[in-house]
2 protein chains.
Amino acid sequence: MRVRIEDVAEAAGVSMKTVSRVLNQEPNVSEETRKRVEAAARKLQYRPNPSARSLAGQRSFLVALLYDNPSSNYLMEVQAGMLDACIAHHYNLMLAPVTYGERKFLAHVDEIIQHSRADGLVLTPPLTDHPGLMKRLGQLGIPYANISPKLRGGRIGVVLDEERAVREMMAHLVSLGHRRIAHIKGHPEHGASQWRLNGYRDGLAAAGIAYDPELVIDGDFHYDTGAICAQRLLLMADRPTAIFAANDDMAAGTIRTASEMGLSIPGDVSVCGFDDTPIARQIYPPLTTVRQPTREMGRLATHELFKRIKAPDGGQMITAGYELQLRQSTGPIGKGRTRRR
Amino acid sequence: MRVRIEDVAEAAGVSMKTVSRVLNQEPNVSEETRKRVEAAARKLQYRPNPSARSLAGQRSFLVALLYDNPSSNYLMEVQAGMLDACIAHHYNLMLAPVTYGERKFLAHVDEIIQHSRADGLVLTPPLTDHPGLMKRLGQLGIPYANISPKLRGGRIGVVLDEERAVREMMAHLVSLGHRRIAHIKGHPEHGASQWRLNGYRDGLAAAGIAYDPELVIDGDFHYDTGAICAQRLLLMADRPTAIFAANDDMAAGTIRTASEMGLSIPGDVSVCGFDDTPIARQIYPPLTTVRQPTREMGRLATHELFKRIKAPDGGQMITAGYELQLRQSTGPIGKGRTRRR
DNA sequence: CTGTTAGCGCCTTCAG
DNA sequence: CTGAAGGCGCTAACAG
C-alpha cells in the first residue's frame, strides 16, 4: 500500500541506506546515484514516514509554541512567523498552552515535553522570564528560544530595543507640545512593562520634564484595564494632555473611555500605544503606536531555535527593528474643543 | 537512560504487552495486575514514546487545524476549543495554514497530511466548502470535521442556526422602529454569508418590509471593506437607519466610518454585527451582535472528529447555540442629533 | 486473563 | 562511495 524507502531502493537499484542518504542530504553519494534515487522517489511519490524517522532518528521534527494566553493578535502573529520558519525547515508546529501561575506548572510543562517529544520550544512572555521554567528546561536539555526575554545572558531568541522605541515616541509627544504625559504600565510579569516604563522615564528626562508618580498607573496589558486606568487619569483636576499606554489594547481602552467622557482625541488628549496590532487601525481615531514586527520575531526566534537544535551552542539573541507609526490619535496640544456630556 | 515499557514490565513482574494493555486502557487485565503496573509506571515515571506508539499503532495522536487566514480572533477561539478537546484525549494539535485559491492547493494539502501524519483534520470556512478538498480527503480516507460547512450531508462537525439568529436580530431592529435596514454581505465563499443574507431577507419579510437591493452591498468580512461599504450606504440621499453587517469586523468598520462622518450611533444610525468577537466590546459604542460560541464550536468539532477517528461512521453534525448580545450600537430610530463636520 | 512473536519504517553502526 | 544487519519502543496478532 504505502511506498516505503525499500521500494524506492529497489526501483533505483540501490540499497535502503543509499536512499536514506540522498533523502537526508548526507554526503558520500555520487551525483549519478543521487539523481537516480531522486527520480525513483519522485516517480513513486515517496514520502518518508515521520514516526519511523522520529523513532529511529531520535527527533520528532516538531517544535512547540509554549504560551500563556497573551493577546490573540500577538499570538497569531507569532504563530504565523513560526510557521514561516517551520515550513522552510520541514518542521511541524504544535501548540502548547500553559498557565504561568498554576500549581503544577512545571509538571505540566514536563508532561507536554514528554508527550509531544518536541525537538525544541519557543517561549513567549512572560514564560520567557519564569525562573523555574528556565531551570527545568536546562535540566531536561531541551533547546528553546525566547521572544522578548528580560534576561538575555546565554540565551537565544529575539528582542526589540523597546526602551529606545519608547524614547522616540516620547520625543514625538514632546515635539507636539505635551509635557503632562501619563503612562499606563503593562503587566508586571512582562519584561516589556519595565522597558516601556524606562523609556517613558528616559523620554521625560530627555525633555527636562519631572517624573510625576501620579501620572503613572498600574495596568496589565488588557483593554478593560486600560479603560479603567484612563478614567482615573482623565478625571484628574489637572489631567494629562497625553497618555502613553504600554500596549495597543490598553491604548484602545483609553480611547474608549475618553470617547465616553466626551473628550476629543487628539484635541483634548493624545493617546499612543505599542505593538501596532490590528486594533490600532480598527479604532477611531487610529492609534499612534510603535510597530513591533511580531511575525518576523516569531520567525527569527524559530530560526535561532533550529540552529540550537542542530548544535548545542548554536543560535544567538537577535535584535529586531521597530518603526514609529504616527496616526491620528496624537496631535498638537490644546487644539481640542472639549464636549463633555 | 529513558525508561521503556520493558522496564515497567520487569518492575511489575509482567509482560510488556500487559503493561501496554494497562496504559491503553484495554480490557482483559485483572484489577490487581492493573494496579501493580500503574504503580510501577508511576514509580519509574514512565512516559510512552509517541514516535514508537505512532509507528507501531499506525496513528499519530495528532490532529491538524486546516485554515486559510480567517480573523485572528476567530482562529484563536477555534484553537482554544480544539485544545480543550485535544488535551482531554491526550492528542496534540498541529497548525496547518493553507491558501484556498493557490494553484497547488490540493498538492499542498496532500503534503501536509503525508508529512504530519495527522489522524484527522478540522476544517474552518471556507475550506470546509472547497469541493476539491472534500473529494481529495475522501479519497485519502482521512477523517475530518467541519466548522460551519455549507453542505451538511453525510458530514460531521458543528454548525449554528445562523439564519434564525439573524431573524431574531432583525426582529430586534424592527422592534426599535427601523424599517430602512441595510445589509453588508460577507465573503461569497463562506456559507455564513448566504445564511446571514437569508436571515436578513426573512427578517424583512416577517416585518412586511420590501427587499431593496440598493441596501444590500457586497462585503468580504474585512474591517476595511466594512468601512468602505458603510460609506456608500451612509452617503445615500435616503440613508438607512440601521445597518446589519455580516460580521463584527465589518460592523466595526461601519461604526468607524459613521464616526468619521460625524454621525451618532445609534442616534443617527444603528449598527449590528455577528460573532461577538472581542472587537465588539472594544469599539465605541459597543456592538450589538450575535454571540457565536466559537471556542465551544472548536471543541465540539474536535470531539466529533475523535468519534470518527475511532469509528469510520462515528460522529455527527452538531448544532451549537447562539445568543443575541444587545449593546449600545443599536437603539430606537430617530433619537439622533446629527453633527456632521 | 496473560504472554510470545513479529514487525511498524527508518536510521545507525560497521563492514566492504 | 555503498551495503547488510540490528535496533529505536511500541503494539497487533495470535497463542496459551
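- Less than 4.0 Å separates DNA chain D from at least one heavy atom of each of the following residues of residues 4-12 of chain B: Arg4(B), Ile5(B).
- Sorted by first and then second residue, the pairs that involve residues 292-311 of chain A and meet ring-ring contact (aromatic ring centres under 6.0 Å, His included), not counting sequence neighbours, are His89(A)-His303(A), His89(A)-Phe306(A), Tyr91(A)-Phe306(A).
- Remark: the Thr128(B) side chain and the Asn146(B) side chain contain an N/O donor-acceptor pair separated by less than 3.5 Å.
- Of the candidates dG3(D), dG9(C), dC10(D), the closest approach to any side-chain atom of Leu55(A) belongs to dG9(C).
- For the residue pair Asn92(A) / Ser116(B), no side-chain donor-acceptor distance below 3.5 Å is found, with atom types taken as modelled.
- In the helix from dC1(C)-dG16(D) to dG16(C)-dC1(D), the rotation axis of the first five pairs and that of the last five pairs differ in direction by 30°, rounded to 10 degrees.
- For the pair Arg36(B) and Arg117(B), nearest-nucleotide mapping onto DNA chain C gives the more 5' position to Arg36(B).
- Toward the 5' end of DNA chain D, the nearer of the two residues Gly13(A) and Arg59(B), judged by each one's closest nucleotide, is Gly13(A).
- Backbone-only engagement by Thr33(A) is indicated by non-hydrogen atom pairs under 4.0 Å involving sugar-phosphate atoms exclusively.
- Within the 4.0 Å cut-off from OP1 or OP2 of dG9(C), not a single side-chain nitrogen or oxygen of Arg53(A) is found.
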Enumerate all atom pairs, one protein N or O and one N or O from nucleotides 4-7 of chain D, separated by less than 3.5 Å.
none

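- Screening residues 98-139 of chain B for ring-ring contact (aromatic ring centres under 6.0 Å, His included) gives Tyr100(B)-His130(B), Phe105(B)-His130(B) as the qualifying pairs, with residues at least two apart or on separate chains.
- Between dA12(D), dC10(C), dT2(C), one nucleotide has an atom nearer to the side chain of Glu26(B) than all others, and that is dA12(D).
- Sequence neighbours left out, not one pair with a member in residues 51-69 of chain B passes salt bridge (Lys or Arg N to Asp or Glu O under 4.0 Å).
- What separates CG of Leu23(B) from P of dT11(D) is a distance of 7 Å, to the nearest Å.
- Of the side-chain N and O atoms in Thr18(A), one or more sit less than 4.0 angstrom from OP1 or OP2 of dG3(D).
- Checked against dT2(C), dG9(C), dC1(D), the side chain of Asn28(A) finds its nearest nucleotide in dC1(D).
- One interatomic measurement links the two molecules: CZ of Arg47(B) to P of dC10(D), which rounds to 12 Å at whole-angstrom precision.
- Ser51(A) is linked by a side chain to side chain contact (heavy atoms under 4.5 Å, CB included) to Asn49(A), Ser54(B), Leu55(B), counting only residues two or more places apart in sequence or in another chain.
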Under 3.5 Å donor-acceptor pairs involving side-chain atoms of residues 26-35 of chain B, not counting sequence neighbours:
| unit_1 | atom_1 | unit_2 | atom_2 | d |
| --- | --- | --- | --- | --- |
| Ser30(B) | OG | Thr33(B) | N | 3.2 |
| Ser30(B) | OG | Thr33(B) | OG1 | 2.6 |
| Arg34(B) | NH2 | Glu26(B) | O | 3.3 |

Please report, to 0.1 Å, the donor-acceptor pairs under 3.5 Å made by any side chain of residues 40-47 of chain B, with sequence neighbours excluded.
| unit_1 | atom_1 | unit_2 | atom_2 | d |
| --- | --- | --- | --- | --- |
| Arg47(B) | NH1 | Glu111(A) | OE1 | 3.2 |

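- Residues forming a side chain to side chain contact (heavy atoms under 4.5 Å, CB included) with Ser15(B) (at least two apart in sequence, or on another chain): Lys17(B), Thr18(B).
- Annotation: salt bridge (Lys or Arg N to Asp or Glu O under 4.0 Å) contacts involving residues 301-314 of chain B, sequence neighbours excluded, comprise Glu304(B)-Lys307(B).
- Within the model, atoms CE of Met76(B) and CZ of Arg295(B) stand 9.0 Å from one another, a figure rounded to the nearest 0.5 Å.
- Between Phe61(A) atom CZ and dC10(C) atom C1' there is a gap of 11 Å when expressed in whole angstrom units.
- Every pair passing salt bridge (Lys or Arg N to Asp or Glu O under 4.0 Å) that includes a residue from residues 134-161 of chain A is listed here, sequence neighbours excluded: Asp110(A)-Arg136(A).
- Here Ser30(B) reaches the OP1 or OP2 of dT2(C): one of its side-chain N or O atoms lies under 4.0 Å away.
- Note on Asn49(A): only backbone sugar-phosphate atoms sit closer than 4.0 angstrom, heavy atoms only; bases stay farther off.
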